[in-house]
*Asks:* 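For reference, the structure I am asking about is given below.
Order of the sequence lines fixes the chain letters, A, B, ..., with proteins taken first and strands second; residue numbering starts at 1 for each chain.
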Protein chains: 2
Amino acid sequence: MELRQLKYFLKAKELLNFTEAAEQLNISQSTLSQQIKQLEDELDIPLFNRIGKRVTLTEAGALFADFAFQSINKAQDGLLMLRDLHNFQTGKITIGVTYGLRYVLTPALILFATQYPQIKIKVVFGTSEELIDKLNHLELDFALSFFGDIAVEKHFDYQNLFCSPMTVVTAPDSALAQKEIITLEQITQYPLVLPAKGYMTSKFVHDLFERHALSPNIAIEINDIPTLLELVKTGNWHTILAKTSVSQKDGLATIPLLGENMDRTAMIISMKEVYQKKAVKEFYQILHEEINL
Amino acid sequence: MELRQLKYFLKAKELLNFTEAAEQLNISQSTLSQQIKQLEDELDIPLFNRIGKRVTLTEAGALFADFAFQSINKAQDGLLMLRDLHNFQTGKITIGVTYGLRYVLTPALILFATQYPQIKIKVVFGTSEELIDKLNHLELDFALSFFGDIAVEKHFDYQNLFCSPMTVVTAPDSALAQKEIITLEQITQYPLVLPAKGYMTSKFVHDLFERHALSPNIAIEINDIPTLLELVKTGNWHTILAKTSVSQKDGLATIPLLGENMDRTAMIISMKEVYQKKAVKEFYQILHEEINL
DNA sequence: TTTTCTAAATCGAAAATACCGATTGATGTG
DNA sequence: CACATCAATCGGTATTTTCGATTTAGAAAA
């Protein structure tokens, strides 16, 4: 039994005339005859009475027609649903994001969610390590993160969003806040609170000091960035983050770090060879547009 | 899109392993690969993610699977329903019958209807002419009638049930009731009430007298047999019917008619080349069994 | 009746396609 | 790094679908 045969059957049932049905189906009459016969053989019951040249439905045919119709319809509905999905009338996207990029995500998120209210969105905050892991397990459609060697895997696709300089973040009333610029060496003088292991920034900062053979004064490592910023706000500690990781609303000062390769690259990371939903592509678009403002 | 492909897809979805799915489907892995690919092409969307050797469902795949499943199920249900029909768990039969054979039908009808309460039965009383017409229009599954040239059509099938002698039917207290046997000629002396045109018996009786060049005294022609019998019961009139057309319950006497070819043949008449439902075949069986008691 | 027309079934051939085995390429694993 | 595994691909084969032509048979017309 194949959908093709069910379609043939329904058309023949509709017209009760094989010749005309065959025409409308754009097949030959002999093909229709044969396919109907094959279906009848498989069902082990005639669907039509052939009294001479008169064709009428058998009781079996009438009963079976409903099922045939529904079978065809279900398949067709599936196809239509996919077309809709393609035009994202429905669907769900899951976005991973590091705290450092939450100010990038938020406006795009608001724009997208209001524009496509029917699409469910799940946002997962986490460390870069966690996000990479979730990407690998297909639990995310994409992740927003800064570039870093943790995330370098050949089956990932990368889209650059923008570059942001690393800055020292400090309370506005702290001594550091007056500086126009600051060197790595100077920072070693101050007590720091840094993102815990797992965050790309954590690794970046550790590597940075190591490369320059400097020992930073790391007082606290913490895996919650809002809390980290609260600590910084007290003036007792300072931290190092990309400039865009801090918003004006946070009420904190950012001082650029002097040195080479002090730029972080924010990017969209996604799995290669995984189908990119239209909704996801649209979200990329909004992200890029927002950044180019 | 074909049901075969949908089945392949669901198996692949179930196992998320093409090689094993192909094995369980008794096809080669390459065939499965190709058929899935073809389905994806038609749907214009990947159903699976192929990340290296890992196979996972896409969102589209997950959504489509429900429809695929239902489509297959509907077709399968149709098949199962037909199997049930074959074993007549359901269905409806329509039986045509002449009044003259109502006493043959009734016990079979009671037996069948109690044995297969789930089968709807429609009984249509009518003249042989009407029944033949309805058979031709497929409005009856079969008809019970006496044999007669009216009903001789090449696209009919005939099953003999039994033979019944023609008898004169009369009130038990009438003068005729005392006779052991009666001749055609004698009947012409008595006023008759006969079935109206259209009944096989009417034609049979008319032909009979004509063949013997006799003129019967036909006082009344009537197209309702119970009423006809009521008239006979008054003793004012007599009629001619097959012996089995009259029951003991009717309180009437039957006197065999002397002569050649005075036997009527009761039969089942049905359309050739029209599918005979199991229920109908079972009804035939019960009719035959009942008669052979 | 006989003839003519029409529609479904049938038949043989050809076109399409489902299928297979072998191979390839890619990816995890020991 | 070798090895095993799995999906994709390729070329060829087998099967199935399809078609055109013909046959068969009923219905309508002559």
Side-chain angles (χ1 to χ4, degrees), chain A residues 1-9 11-42 46-58 61 133 135-138 152-156 271-275, chain B residues 1-9 11-42 46-58 61 133 135-138 152-156 271-275:
Chain A
M1 201 185 331
E2 293 299 342
L3 290 176
R4 172 175 39 77
Q5 296 171 319
L6 299 184
K7 283 172 196 155
Y8 290 177
F9 163 58
K11 180 58 81 178
K13 181 215 158 197
E14 180 192 336
L15 301 175
L16 290 177
N17 177 323
F18 282 25
T19 306
E20 201 178 332
E23 249 172 57
Q24 293 194 22
L25 290 165
N26 292 314
I27 57 172
S28 70
Q29 172 262 317
S30 80
T31 298
L32 182 61
S33 252
Q34 289 175 70
Q35 289 298 305
I36 295 284
K37 183 182 169 63
Q38 193 175 316
L39 183 59
E40 289 175 325
D41 284 350
E42 184 175 351
L47 298 169
F48 294 100
N49 294 308
R50 285 86 153 174
I51 310 126
K53 52 205 308 181
R54 244 194 319 167
V55 171
T56 58
L57 257 196
T58 60
D133 194 53
L135 272 174
N136 273 321
H137 288 80
L138 304 174
V152 178
E153 301 196 16
K154 54 191 162 188
H155 51 277
F156 280 165
M271 286 283 275
K272 258 182 191 160
E273 298 171 281
V274 172
Y275 179 69
Chain B
M1 199 185 332
E2 294 298 343
L3 289 175
R4 171 175 38 78
Q5 295 171 319
L6 299 183
K7 283 172 197 156
Y8 290 177
F9 163 58
K11 180 58 81 179
K13 181 216 159 195
E14 179 192 336
L15 301 174
L16 290 178
N17 178 323
F18 281 25
T19 306
E20 200 177 333
E23 249 171 58
Q24 293 194 21
L25 290 165
N26 292 313
I27 56 171
S28 71
Q29 171 263 318
S30 82
T31 298
L32 182 62
S33 255
Q34 289 173 66
Q35 289 297 306
I36 296 284
K37 183 182 169 62
Q38 191 175 318
L39 183 58
E40 288 176 325
D41 284 351
E42 185 175 352
L47 298 169
F48 294 100
N49 294 308
R50 285 84 156 176
I51 311 124
K53 52 203 309 181
R54 246 193 316 168
V55 171
T56 58
L57 256 197
T58 59
D133 194 53
L135 272 173
N136 272 321
H137 287 81
L138 302 175
V152 177
E153 300 196 17
K154 54 191 162 190
H155 52 277
F156 281 164
M271 286 283 275
K272 259 184 192 159
E273 297 172 279
V274 173
Y275 179 70

*Asks:* NA contact type, Tyr8(B), heavy-atom cut-off 4.0 Å: base, sugar-phosphate, or nothing?
*Replies:*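 Sugar-phosphate contact only.
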*Asks:* Specify the residues of residues 23-39 of chain A, ordered by number, for which at least one heavy atom lies under 4.0 angstrom from an atom of DNA chain D.
*Replies:*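 Under 4.0 Å from DNA chain D: Asn26(A), Ile27(A), Ser28(A), Ser30(A), Thr31(A), Gln34(A), Gln35(A), Gln38(A).
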*Asks:* Below 4.0 angstrom from OP1 or OP2 of dA18(C), is there any side-chain N or O of Arg4(B)?
*Replies:*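 Yes, Arg4(B) has a side-chain N/O under 4.0 Å of OP1/OP2 on dA18(C).
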*Asks:* Given side chain to side chain donor-acceptor pair (under 3.5 Å), test Ser30(A) with Ser33(A) step by step and report yes or no.
*Replies:* CA-CA 5 Å; Ser30(A) 80; Ser33(A) 252; over 6 Å; no
*Asks:* Is the closest side-chain donor-acceptor distance between Asn49(A) and Thr58(A) under 3.5 Å?
*Replies:*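 No - no donor-acceptor pair under 3.5 Å links their side chains.
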*Asks:* Taking side-chain hydrogen bond (donor to acceptor under 3.5 Å, both in side chains) as the definition, give me every residue that meets it alongside Asn136(B), ordered by chain and number, with sequence neighbours left out.
*Replies:*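 Here the qualifying residues are Glu153(B), His155(B).
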*Asks:* Pick out which of Leu3(A), Ile27(A), Leu39(A) makes a side chain to side chain contact (heavy atoms under 4.5 Å, CB included) with Tyr8(A).
*Replies:*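 With Tyr8(A) as partner, side chain to side chain contact (heavy atoms under 4.5 Å, CB included) holds for just one option, Ile27(A).
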*Asks:* Less than 4.0 Å between a side-chain N and a carboxylate O, is that true for Lys7(A) and Glu14(A)?
*Replies:*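 No.
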*Asks:* With a cut-off of less than 4.0 Å, is there a side-chain N or O of Arg50(B) near OP1 or OP2 of dC6(D)?
*Replies:*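 No.
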*Asks:* For Ile51(A) and Gln5(A), find the nucleotide of DNA chain D closest to each by heavy atoms; which residue's nucleotide sits nearer the 5' end?
*Replies:*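 Closer to the 5' end of DNA chain D: Gln5(A).
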*Asks:* Which whole-number value in Å describes the distance from Phe48(B) CZ to dC6(D) P?
*Replies:*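 Answer to the nearest Å: 16 Å.
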*Asks:* Whole-Å distance between dA7(C) P and Leu15(A) CG?
*Replies:*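 Whole-Å distance recorded here is 12 Å.
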*Asks:* Using five base pairs at each end, measure the axis-to-axis angle across the helix from dT1(C)-dA30(D) to dG30(C)-dC1(D) and round it to 10 degrees.
*Replies:*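 That helix gives 20° between its end axes.
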